[in-house]
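Read the structure below first, then the notes.
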Amino acid sequence: MKRRDLLKGLTVLPLAGGILSGESAVGAELTAIASTAAKRDLFKELGIRTFINARATLTFMTGSLMQDEVIDAINSSSKRYCMLDELQDKVGAKIAELCHAEAATVTSGAFSAIMLGTAGVLSGNDPKKAAMIPHLEGSGMKTEVILQKGHNIGYYQAMKNCGVTMVWVETREELERAINDKTAMMAFMNCNTNSGQIKHKEWLEVAKKNNIPTLIDIAADVPPIENLWKFNDMGFDLVCLSGGKAIRGPQSSGVLMGKKDLIAAARVSASPRGSTIGRGHKVNKEEILGLYVAIDKFIRTGEEEWNFWLKQIAHIENAVKNIKSVKTRVFVPEIANATPNLEISWDPAILPVTGQQIQERLSKGEPGIELNAGKNNISLVTFIMVPGEEKIVAARIKEELSKV
Ligand SMILES: *Cc1c(COP(=O)(O)O)cnc(C)c1O
């Protein structure tokens with residue numbers, strides 16, 4: 001068999017590999033080709049700039065990196081088939097158990113969880129109703145979702161996708177007045193808790209009194225680990241989580257968890273069912289399993305990882321703290337993306353350079369490093385780096401600040 005023929009045969013590699021692997025020369029060659037293929041550097045081949053992400057889990061920067069356990073789950077599940085609904089049932093049951101929810105389902109991101117959750121609230125278990133979404137008029141479905149003005153973040157678009165009208169309130173009195181027989185749901189954006197007058201318990205109290213389902217978006221609110229179950233325990237009917245932030249599951253995964261009947265209703269609008277608003281929110285089996293492994297691992301090792309992130313931060317801090325006028329500060333945001341951050345600031349009279357200039361120099365360096373910049377400071381996180389990259393980041397920041 002010539003090399004060219006072998007290459008052609010690569011399209012049937014799983015089968016050929018099964019038959020030909022082992023001692024034979026052909027098997028050895030196939031293995032060699034397969035491993036060459038694995039080493040193919042597509043970023044280089046396509047001329048795509050890569051960088052160390054010390055900035056944040058931002059979708060436009062491809063979010064976070066999956067850990068080896070997650071990649072292993074993806075690889076090991078990629079050679080077999082299963083029924084998608086059975087997989088969602090069983091993985092959902094496991095995630096629900098881990099997170100103190102009655103039920104859960106894997107979605108294509110937190111946005112998708114919010115949209116599917118809303119769809120389920122509107123349609124209940126009726127596939128005919130689900131097929132009508134987002135055209136609610138004359139459908140018999142409710143049409144309004146209440147949100148606090150202070151919780152106005154762009155992601156409420158996920159609810160609007162279902163055709164609902166957003167009703168904005170500020171005070172408890174306005175909330176009570178806004179509730180009527182068209183009210184489908186009361187939503188809460190956790191990251192904006194401090195910008196709204198009404199907090200979780202009061203929101204839930206009013207909702208329960210009026211028998212209205214509640215949904216909370218906690219997309220970027222893990223860690224702390226206990227936030228995985230805190231809002232289920234509190235009594236929110238639907239909880240929406242991103243899989244691709246600090247949990248470092250697949251970037252296009254998320255979780256919708258909560259009350260059993262509402263999760264079942266949400267799945268009426270979800271893939272594989274076809275004539276629904278959620279059909280495009282498909283999640284493949286590998287990512288469903290990858291997310292399960294990521295959540296399970298995060299619960300088991302999150303604390304250990306937190307300590308490792310602090311060590312990485314300390315390494316960078318130590319590298320720069322003796323540079324003239326440099327001050328460092330370690331902080332954890334109170335809410336949303338609550339991981340250790342390092343701020344490095346300096347006196348511009350002594351180091352005449354702006355944060356933005358340092359940011360640009362690091363971005364254009366080799367390897368490129370992306371982080372946040374202020375007027376006389378830069379700030380960074382380490383939790384989404386490949387372990388070890390903190391050494392490169394420390395050396396590069398030291399180099400650039402020392403040059404000024
Ligand atoms: C990131 C984020 C989302 C969207 O999450 P995806 O998993 O990317 O869909 C929604 N809400 C908030 C508050 C977020 O931070």
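When a ligand or atom number is given, it counts from 1 through the structure's own listing order. Residue indices begin at 1 and follow the sequence shown.
In this model, no donor atom of one side chain and acceptor atom of the other lie less than 3.5 Å apart for Glu303 and Asn307. Judged by distance alone, the side chains of Glu343 and Ser379 never bring a donor and an acceptor atom under 3.5 Å apart. Using modelled atom types and a 3.5 Å distance limit, the side chains of Lys208 and Asn211 yield no donor-acceptor pair. Side-chain atoms of Ser78 and Glu286 form no donor-acceptor pair, as typed in the model, at a separation below 3.5 Å. Side-chain contact, Gln88 with Thr105: a donor N or O sits under 3.5 Å from an acceptor N or O.
Considering backbone and side-chain N/O of Ser253, none are found under 3.5 Å from N/O of ligand 1. At least one N/O-N/O distance between Ser242 and ligand 1 falls below 3.5 Å. In terms of polar-atom proximity, Ala110 is counted as a contact of ligand 1, with an N or O under 3.5 Å from an N or O of the ligand. The N/O atoms of Ser108, backbone and side chain alike, include none that comes under 3.5 Å of an N/O atom in ligand 1. At a 3.5 angstrom cut-off on N or O pairs, Ile153 does not count as close to ligand 1.
Ring geometry for His151 against Trp203 counts as parallel: the plane angle stays under 30°, on a 0 to 90° scale with 60° as the upper cut.
Within ligand 1, the atoms closer than 4.0 Å to a non-hydrogen atom of Ala220 are 15 (O), numbered from 1 in the order shown. Short contacts between ligand 1 and Gly109, defined as distances under 4.0 Å to a heavy atom of the residue, involve ligand atoms 7 (O), 9 (O). In the vicinity of Cys191, heavy-atom distances shorter than 4.0 Å reach the ligand 1 atoms 13 (C).
In this structure, Gly244 falls outside the shell of residues with a heavy atom less than 4.0 angstrom from ligand 1.
Scanning the protein for heavy atoms near atom 11 (N) of ligand 1, the closest one is Asp217 OD2, 2.6 Å. Considering only non-hydrogen protein atoms, atom 8 (O) of ligand 1 sits nearest to Thr59 OG1, 3.9 Å. Shortest contact from atom 15 (O) of ligand 1 to any protein heavy atom: Lys245 NZ, 2.8 Å.
The proximity of Met189 to ligand 1, defined as any non-hydrogen pair under 4.0 Å, does not occur for either the backbone or the side chain. Contact annotation: for Tyr155 versus ligand 1, heavy atoms closer than 4.0 Å belong to the side chain alone.
Centroid-to-centroid, the aromatic rings of His281 and Phe111 stay 6.0 Å apart or farther.
Note on Asp89 versus Arg267: salt bridge recorded, some NZ/NE/NH1/NH2 to OD/OE distance being below 4.0 Å. Salt-bridge check for Lys327 with Asp347: failed, with every basic side-chain N at 4.0 Å or more from each acidic carboxylate O.
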